[in-house]
Amino acid sequence: MGNGFVLSAASLRVVTFLLSLLFSFQVLAEMPKGFSPFSISASRITTAEADVTDGPQTLQRDSWLLAAKARFALNRQWSIGVNLGYADLDYDWQQRGATLFDGDLNSWRQVRRYSAGLALSYRLDRHWMFMLAPKLQYASADTATASHAASYGVVTSGMYRFDNGNLLGLGLAYLNDISEVRTVPYLVVNWQINEAWRLGNPFTAGFTGPAGLELSYRLSPSIDFGLGTSKRTQRFLVENDNTTVEIDEWVSFLRAGWKMTPGLSLNAYAGYYFSGEMELSEISPDNAERIEKIENQGALALAVEYKF
């Protein structure tokens, strides 16, 4: 049915189930007073123009990321979270319609990503906590059919909370991505070094990579700054039901955050993408793979989140 986003009946049932959870668990909430179970967020990311394999082709990217999350306690030990996400990724090539990977693939102009997930947490005692989070994702370019671009996986972690409130743990993400299965270990950390300094995870582990690390400094109750880094991954379908492109790169960033109200926060980022690679993969008898290098480039981002 063209390049539109088409869900199978089974996938539609999964999404309907997640949406029903999002709005029906409020009656079970037992979170601490002042806790906001719902959040919505929007982010805009733009990168500088970068050469692809030393030119003459160049690439500039713009992205919109939207997310909705909810978290509720079922009892003193169990809690559940629901998250829904949408990403619109625009690829602006200098030579529109040009070919990549030595002529094996025509360039695309847009990638859309839809995601949904659950997060089930179990608190064993005052110190130990465990988490299991199944995930579903569709990611495809405008040159492919989204209904063939399904991925699924599960993220698990075990965390230990010290008497001073600091948290440390290890996690593992098993991801059955489009035409590839991979496992991604990651570190879980929320460490308050002193009243001003904190070490934590800036991202959520999943299809787009591990959680990363950020060192932040709180200047006042409403203003803070951060410095962080992480590996980022984008894998999406580009042709038929068996041709994918994966973009792997590292990103370092500086962040300035402003808590405008108890529920509304704004974060501005200045980032730098480096060691980027774009890999073409096909499920074929010879498992053909081609790689294009992406020049290092700067980036800017703005993110707003509202909790209620």
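Remember, it's a predicted structure, so these values are computed and weren't measured experimentally. Values reported hereafter were calculated over all heavy atoms of this structure, with side chains retained and with hydrogens, waters and symmetry mates removed.
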Report the C-alpha separation of Phe236 and Thr244 in whole Å, then their side-chain angles, then the decisive distance to 0.1 Å, and conclude whether the side-chain contact (heavy atoms from CB on, under 4.5 Å) test is met.
CA-CA 6 Å; Phe236 46 90; Thr244 62; over 6 Å; no
Ring pair (Phe, Tyr, Trp, His ring centres under 6.0 Å) between Phe38 and Phe308: does it pass, once the steps are laid out?
CA-CA 5 Å; Phe38 296 102; Phe308 57 102; 5.4 Å; yes
Set out, in order, the CA-CA distance, both residues' side-chain angles and the distance that settles side-chain contact (heavy atoms from CB on, under 4.5 Å) for Leu100 and Leu280, then state yes or no.
CA-CA 9 Å; Leu100 301 167; Leu280 172 68; over 6 Å; no
Run the numbers on Arg112 and Tyr86 for side-chain contact (heavy atoms from CB on, under 4.5 Å), then give the verdict.
CA-CA 7 Å; Arg112 288 193 174 99; Tyr86 170 73; 3.2 Å; yes
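The side-chain hydrogen bond (donor to acceptor under 3.5 Å, both in side chains) pairs that include a residue from residues 191-201 are Asn190-Arg198, where partners are two or more places apart or lie in different chains. Legend: side-chain hydrogen bond (donor to acceptor under 3.5 Å, both in side chains) pairs involving residues 37-46, not counting sequence neighbours, sorted by first then second residue: Thr46-Gln60, Thr46-Asp62.
Residues that satisfy the ring-ring contact (aromatic ring centres under 6.0 Å, His included) test with Tyr273, not counting sequence neighbours, are absent from this structure. Take Lys293 and apply the side-chain hydrogen bond (donor to acceptor under 3.5 Å, both in side chains) test, not counting sequence neighbours, and it matches Glu277. Scored by the salt bridge (Lys or Arg N to Asp or Glu O under 4.0 Å) test, Glu249 finds Arg61 as partners (sequence neighbours excluded). For Glu239, there are no side-chain hydrogen bond (donor to acceptor under 3.5 Å, both in side chains) partners two or more places apart in sequence or in a different chain. Every residue two or more places apart in sequence or in another chain that forms a side-chain hydrogen bond (donor to acceptor under 3.5 Å, both in side chains) with Asp248 is listed here: Thr233. Qualifying side-chain hydrogen bond (donor to acceptor under 3.5 Å, both in side chains) partners for Glu292, counting only residues two or more places apart in sequence or in other chains: Thr53.
Looking at Thr183, its side chain never comes within 3.5 Å of a backbone N or O of Ala173 through a donor-acceptor pair. With hydrogens and angles disregarded, a donor-acceptor distance shorter than 3.5 Å links the side chain of Thr143 to the backbone of Val238. Using a distance-only test at 3.5 Å, with no hydrogens or angles considered, no donor-acceptor pair links the side chain of Thr145 to the main chain of His148. A donor-acceptor pair is defined here as one N or O able to donate and one able to accept, closer than 3.5 Å; such a pair exists between the side chain of Asp125 and the backbone of His127. At least one donor-acceptor pair closer than 3.5 Å links the side chain of Trp93 to the backbone N or O of Trp108.
In the hydrophobic clustering of this structure, Leu132 does not group with Trp128; members are Ile, Leu, Val, Met, Phe, Trp, Tyr whose side-chain heavy atoms approach within less than 4.5 Å, directly or through other members. Hydrophobic cluster membership differs between Leu187 and Leu172, with clusters built from Ile, Leu, Val, Met, Phe, Trp and Tyr side chains linked at under 4.5 angstrom. The hydrophobic clustering, which links ILVMFWY residues whose side-chain heavy atoms are closer than 4.5 Å, places Phe203 and Leu168 apart. Val251 is not connected to Trp64 by any chain of hydrophobic side-chain contacts under 4.5 Å among Ile, Leu, Val, Met, Phe, Trp and Tyr, and they are in different clusters.
Atom OG of Ser140 and atom CG of Asp241 lie 12.5 Å apart (nearest 0.5 Å). We find the OG1-CG distance between Thr208 and Leu175 to be 9.5 Å, quoted to the nearest 0.5 Å. Here the OG1-CD distance, from Thr47 to Gln297, works out to 5.0 Å after rounding to the nearest 0.5 Å. One distance of note links CG of Asp142 with CD of Gln110; it measures 6.0 Å at 0.5 Å rounding. The distance from the CG atom of Leu266 to the CE atom of Met260 is 6.0 Å, given to the nearest 0.5 Å.
By the 4.5 Å side-chain criterion applied to Ile, Leu, Val, Met, Phe, Trp and Tyr, Val188 is assigned to a cluster that also includes Met129, Met131, Val155, Met159, Leu167, Tyr186. Taking Ile, Leu, Val, Met, Phe, Trp and Tyr as hydrophobic and joining them when side-chain heavy atoms fall under 4.5 Å apart, one finds Leu254 in a cluster with Leu227. Through side-chain heavy atoms spaced under 4.5 Å, either directly or across other Ile, Leu, Val, Met, Phe, Trp or Tyr residues, Trp250 is tied to Tyr272, Phe274.
Heavy-atom minimum distance, Pro210 versus Ser230: O-OG, 3.5 Å. The two atoms that bring Asn267 and Gly257 nearest to each other are OD1-CA, 3.2 Å, heavy atoms only. Nearest approach of Asn296 to Ser275, heavy atoms of both residues: OD1-N, 3.2 Å.
With a 4.5 Å cut-off on side-chain heavy atoms, Glu305 and Lys69 do not count as touching. Contact annotation: the side chain of Phe225 approaches that of Ile223 to within less than 4.5 Å [non-hydrogen atoms, C-beta and beyond]. Proximity of Arg235 to Ser281: side-chain heavy atoms (C-beta onward) are separated by under 4.5 Å at one or more points. At a threshold of 4.5 Å between non-hydrogen side-chain atoms, the residues Leu89 and Leu65 count as touching.
Within a 6.0 Å sphere centred on CZ of Phe101, other residues, nucleotides and ligands contribute more than 12 heavy atoms.
Taking the centre of each ring, Phe253 and Tyr269 come in below the 6.0 Å mark. Ring centroids of Tyr114 and Tyr138 are separated by 6.0 Å or more, keeping the two rings apart.
Using a cut-off of 4.0 Å between Lys/Arg side-chain N and Asp/Glu carboxylate O, Asp92 and Arg109 are scored as not salt-bridged.
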Compile the donor-acceptor pairs under 3.5 Å between side chains in residues 115-123 and protein atoms, sequence neighbours left out, one pair per line.
from   : atom 1 : to    : atom 2 : distance (Å)
Tyr122 : OH     : Gln77 : NE2    : 3.3

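Checking Arg232 against Gln234 by side-chain atom types alone, no donor-acceptor pair falls below 3.5 Å.
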